[in-house]
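Notes to accompany the following structure.
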Amino acid sequence: MGNKITIIGAGSVGATIANDLAVMSIATEIVLIDINQQKAFGEAMDIYQGLSFGPPAIVRPGSYEDAEGSQVVVITSGLPRKPGQTRLELAQTNVDILKDITPNIVKYAPNAIYIIVSNPVDVLTYVFNRISGIPSNRIIGSGTALDTARLQSELAKEFHINPQNVHAHVYGEHGDTSFVPWSLATISNNRIACYKEHAPHSDEIDFAGEYGEFEEKVRTSGSVVIKAKGVTNYAVAMTVCHIVRCLFNGSGTALTVSSMMNGEYGIEDVCLSVLCIVDGDGVRGKIQSDLTDEEHAKLLASAQKLKETISGIHF
């Protein structure tokens, strides 16, 4: 039995996710659904015609009925963020789009794991929890998984090491109130503050404790890309593919994804990102690490900001 994935939204992000899922041999059947049926048709055909050079897969356009039997549904529908616009400013418009999509897709894929990618992702993940009837462990927002990848890539460049040896994560909102719990961050089993001292290439490392600079790069890099090319699609697509791969391998992987908080860190009734264990059932649970008082306060502040936005949403 193959892996069937439905993607709702055939724009730049949805189409890139579909292409990457096929090329990486993560899915054997991909259904693209979009209100613009011609766009979904064209993207599916374009991807499928290239697969004679890669792993076998079916990529096709479809309607909600065609999502039946999907193990995973990825939702990317919504208006993209414009230059200078915050993710939270998109909230009501994209919530209304999600409200239209939800009953139609849940009807045909009630047993799927849902990955919400559209922005503001934490708000939309919360709304989907409230209106879909899907168990919360099977609802995952892409959250700060992309922010974490951006952070790890920046640190890897700074310390001249493979990003896979960097264990630092972004918590909170996928947006302006995100933060890095530096007390938990390590590079090759060394605290970041002392890695330069222990590294064999210490003379190549210029790091002098500029933690704030890394956080600012993470927060603004999406806007930088949007300003330069109009959309972010490649990195977020690879992020979503990694989440899906972790769902399918079932072994349990620690990822910073957005999910419903149920009292962890003293936070409830909001979706944001902390380290979660992701496996074949979705979110198995959250890793409650020992944050410093300052880090805990930042997490609480991020939750409060999201709650304030949610309180103004009609759903």
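All residue numbers in this chain count up from 1 along the given sequence. What you see is a predicted model, and the numbers here were worked out from it, not measured in a lab.
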* Asked: Going only through I, L, V, M, F, W and Y residues with side-chain contacts under 4.5 Å, is there a path from L300 to V274?
  -> yes

* To do: Please check if atom CD1 in I287 has more than 12 non-hydrogen atoms from other residues, nucleotides or ligands closer than 6.0 Å.
  => yes

* Salt bridge flag under 4.0 Å for residues E154 and K157 -> yes

* Please indicate whether K107 has more than 12 foreign heavy atoms, meaning atoms of other residues, nucleotides or ligands, lying under 6.0 Å from its NZ. => no

* **Closest contact, heavy atoms only, C271 versus L306** => O-CD1, 3.5 Å

* Which pairs with one or both residues in residues 274-299 pass ring pair (Phe, Tyr, Trp, His ring centres under 6.0 Å), sequence neighbours excluded? -> none

* Asked: Hey, are the side chains of Y108 and D66 touching, using non-hydrogen atoms and a 4.5 Å cut-off?
  -> no

* Check for a donor-acceptor pair, side chain of N165 on one end and backbone N or O of P163 on the other, with a separation under 3.5 Å. => no

* Can you list the residues that meet the side chain to side chain donor-acceptor pair (under 3.5 Å) rule with K196, with sequence neighbours excluded? -> none

* Minimum heavy-atom separation for L184 to S289, with atom names? -> CD1-CB, 3.6 Å

* Kindly indicate, with the supporting measurements, whether the criterion side chain to side chain donor-acceptor pair (under 3.5 Å) is fulfilled by T148 and T256. => CA-CA 7 Å; T148 291; T256 49; 2.9 Å; yes

* Structure fact -> Between the CD1 atom in I17 and the CD1 atom in I7, the distance rounded to the nearest 0.5 Å is 5.5 Å

* Check: F315 and D96 side chains under 4.5 Å, non-hydrogen atoms -> no

* Around atom CD of E268, are there more than 12 heavy atoms of other residues, nucleotides or ligands at under 6.0 Å? -> no

* To do: Look only at the side chain of S70 and the backbone of A67, and say whether a donor-acceptor pair between them is shorter than 3.5 Å.
  => yes

* Give a yes or no on whether E68 atom CD has more than 12 heavy-atom contacts from other residues, nucleotides or ligands under 6.0 Å away. => no

* Hey, is CZ on F41 packed in by over 12 heavy atoms from elsewhere, all under 6.0 Å? -> no

* Look at the aromatic rings of F207 and F214 and report parallel, tilted or perpendicular, splitting at 30° and 60°. => tilted

* Asked: Is atom CD of Q37 surrounded by more than 12 heavy atoms (other residues, nucleotides or ligands) closer than 6.0 Å?
  -> no

* Quick check: does any side chain N or O of T6 sit under 3.5 Å from a backbone N or O of V73, one acting as donor and the other as acceptor? -> no

* Any side-chain heavy-atom pair of T186 and I192 under 4.5 Å -> no

* To do: For S12 and N233, indicate whether the former's side chain and the latter's backbone hold a donor-acceptor pair under 3.5 Å.
  => no

* To do: Would you mind reporting whether N104 and T102 have side-chain heavy atoms less than 4.5 Å apart?
  => no

* **Contact check, side chains of Q152 and L155, non-hydrogen atoms, under 4.5 Å** => no

* For E295 and D293, indicate whether the former's side chain and the latter's backbone hold a donor-acceptor pair under 3.5 Å. => no

* Asked: Is it true that atom CG of D203 has more than 12 heavy atoms of other residues, nucleotides or ligands lying nearer than 6.0 Å?
  -> yes

* Minimal non-hydrogen separation, R138 against D281, with atom names -> CG-O, 3.7 Å

* D279/R284 salt bridge by N-O under 4.0 Å criterion -> yes

* Determine whether V74 and V240 make a side-chain contact, defined as any pair of heavy atoms from C-beta on separated by less than 4.5 Å. => yes

* Please indicate whether Y211 has more than 12 foreign heavy atoms, meaning atoms of other residues, nucleotides or ligands, lying under 6.0 Å from its OH. => yes

* Which word best sums up how the rings of Y114 and F128 line up, parallel for under 30°, tilted for 30 to 60°, or perpendicular for over 60°? -> tilted

* Would you call E216-R219 a salt bridge at under 4.0 Å N-O? -> yes

* Asked: Between V180 and L146, is there a shared hydrophobic cluster once you connect ILVMFWY residues whose side-chain heavy atoms come closer than 4.5 Å?
  -> no

Tell me which donor-acceptor pairs under 3.5 Å the side chains of residues 120-127 have, and how far apart each pair is, sequence neighbours excluded?
| residue | atom | partner | partner atom | Å |
| --- | --- | --- | --- | --- |
| D122 | OD1 | S258 | OG | 2.8 |
| D122 | OD2 | H174 | N | 2.8 |
| T125 | OG1 | V121 | O | 2.6 |
| Y126 | OH | R130 | NE | 3.3 |
| Y126 | OH | D269 | OD1 | 2.9 |
| Y126 | OH | D269 | OD2 | 3.3 |

* Would you find a donor on one side and an acceptor on the other, under 3.5 Å apart, between the side chain of S118 and the backbone of T76? -> yes

* Asked: Would you say the side chain of I161 lies within less than 4.5 Å of the side chain of S188, judging by non-hydrogen atoms?
  -> yes

* From F159 atom CZ to E204 atom CD, the distance as rounded to the nearest 0.5 Å -> 13.0 Å

* Please examine the side chains of I97 and N94, heavy atoms only from C-beta on, and report whether any two atoms are closer than 4.5 Å. => yes

* To do: Please report the C-alpha distance between W182 and E294 in whole Å, then the side-chain angles of each, then the deciding distance to 0.1 Å, and finally whether the side chain to side chain donor-acceptor pair (under 3.5 Å) criterion is met.
  => CA-CA 11 Å; W182 292 105; E294 181 182 2; over 6 Å; no

Side-chain atoms of residues 247-254: list all donor-acceptor pairs with protein atoms under 3.5 Å, sequence neighbours left out, distances to 0.1 Å.
| residue | atom | partner | partner atom | Å |
| --- | --- | --- | --- | --- |
| N249 | OD1 | S251 | N | 3.0 |
| N249 | OD1 | S251 | OG | 3.1 |
| N249 | ND2 | R245 | O | 3.4 |

* To do: Give a yes or no on whether the backbone of K305 and the side-chain of T309 come within a donor-acceptor separation of less than 3.5 Å.
  => yes

* Structure fact -> d(H198 NE2, R191 CZ) to nearest 0.5 Å is 12.5 Å

* Structure fact -> Here the gap from F179 atom CZ to S302 atom OG, rounded to the nearest 0.5 Å, amounts to 7.0 Å

* Structure fact -> Between M260 and N129, the two heavy atoms sitting closest are CE-CB, 3.6 Å

* Backbone N/O of L299 and side chain of E173: donor-acceptor pair under 3.5 Å -> no

* For K286, what residues pass the side chain to side chain donor-acceptor pair (under 3.5 Å) criterion, not counting sequence neighbours? -> S259

* With the 4.5 Å side-chain cut-off for hydrophobic clustering, are I139 and I310 part of the same group? -> yes

* Hphob cluster co-occupancy, I105 + I115, side-chain heavy atoms under 4.5 angstrom -> no

All N/O donor-acceptor pairs, side-chain side in residues 47-61, below 3.5 Å, sequence neighbours left out:
| residue | atom | partner | partner atom | Å |
| --- | --- | --- | --- | --- |
| R60 | NE | E29 | OE2 | 3.2 |
| R60 | NH2 | E29 | OE2 | 2.8 |

* Examine V257 and V236 and state if one hydrophobic cluster contains both, with Ile, Leu, Val, Met, Phe, Trp and Tyr joined whenever side-chain heavy atoms are less than 4.5 Å apart. => yes

* To do: Work out which heavy atom in L98 is nearest to a heavy atom in I131; give both atom names and the distance.
  => O-CD1, 4.5 Å

* Structure fact -> One should read off an interatomic distance between I187 CD1 and I205 CD1, to the nearest 0.5 angstrom, of 7.5 Å

* Carboxylate-amine/guanidinium contact K217 E213, below 4.0 Å -> no

* Spacing of S178 atom OG and K298 atom NZ [to the nearest 0.5 Å] -> 10.0 Å

* Compare every heavy atom of C241 with every heavy atom of D20, then report the nearest pair and how far apart it is. => CB-SG, 3.4 Å

* To do: Keeping the roles fixed (side chain from N190, backbone from Y195), state whether a donor-acceptor pair exists under 3.5 Å.
  => no

* Test item: K4 side-chain N/O and Q71 main-chain N/O as donor-acceptor pair under 3.5 Å -> no

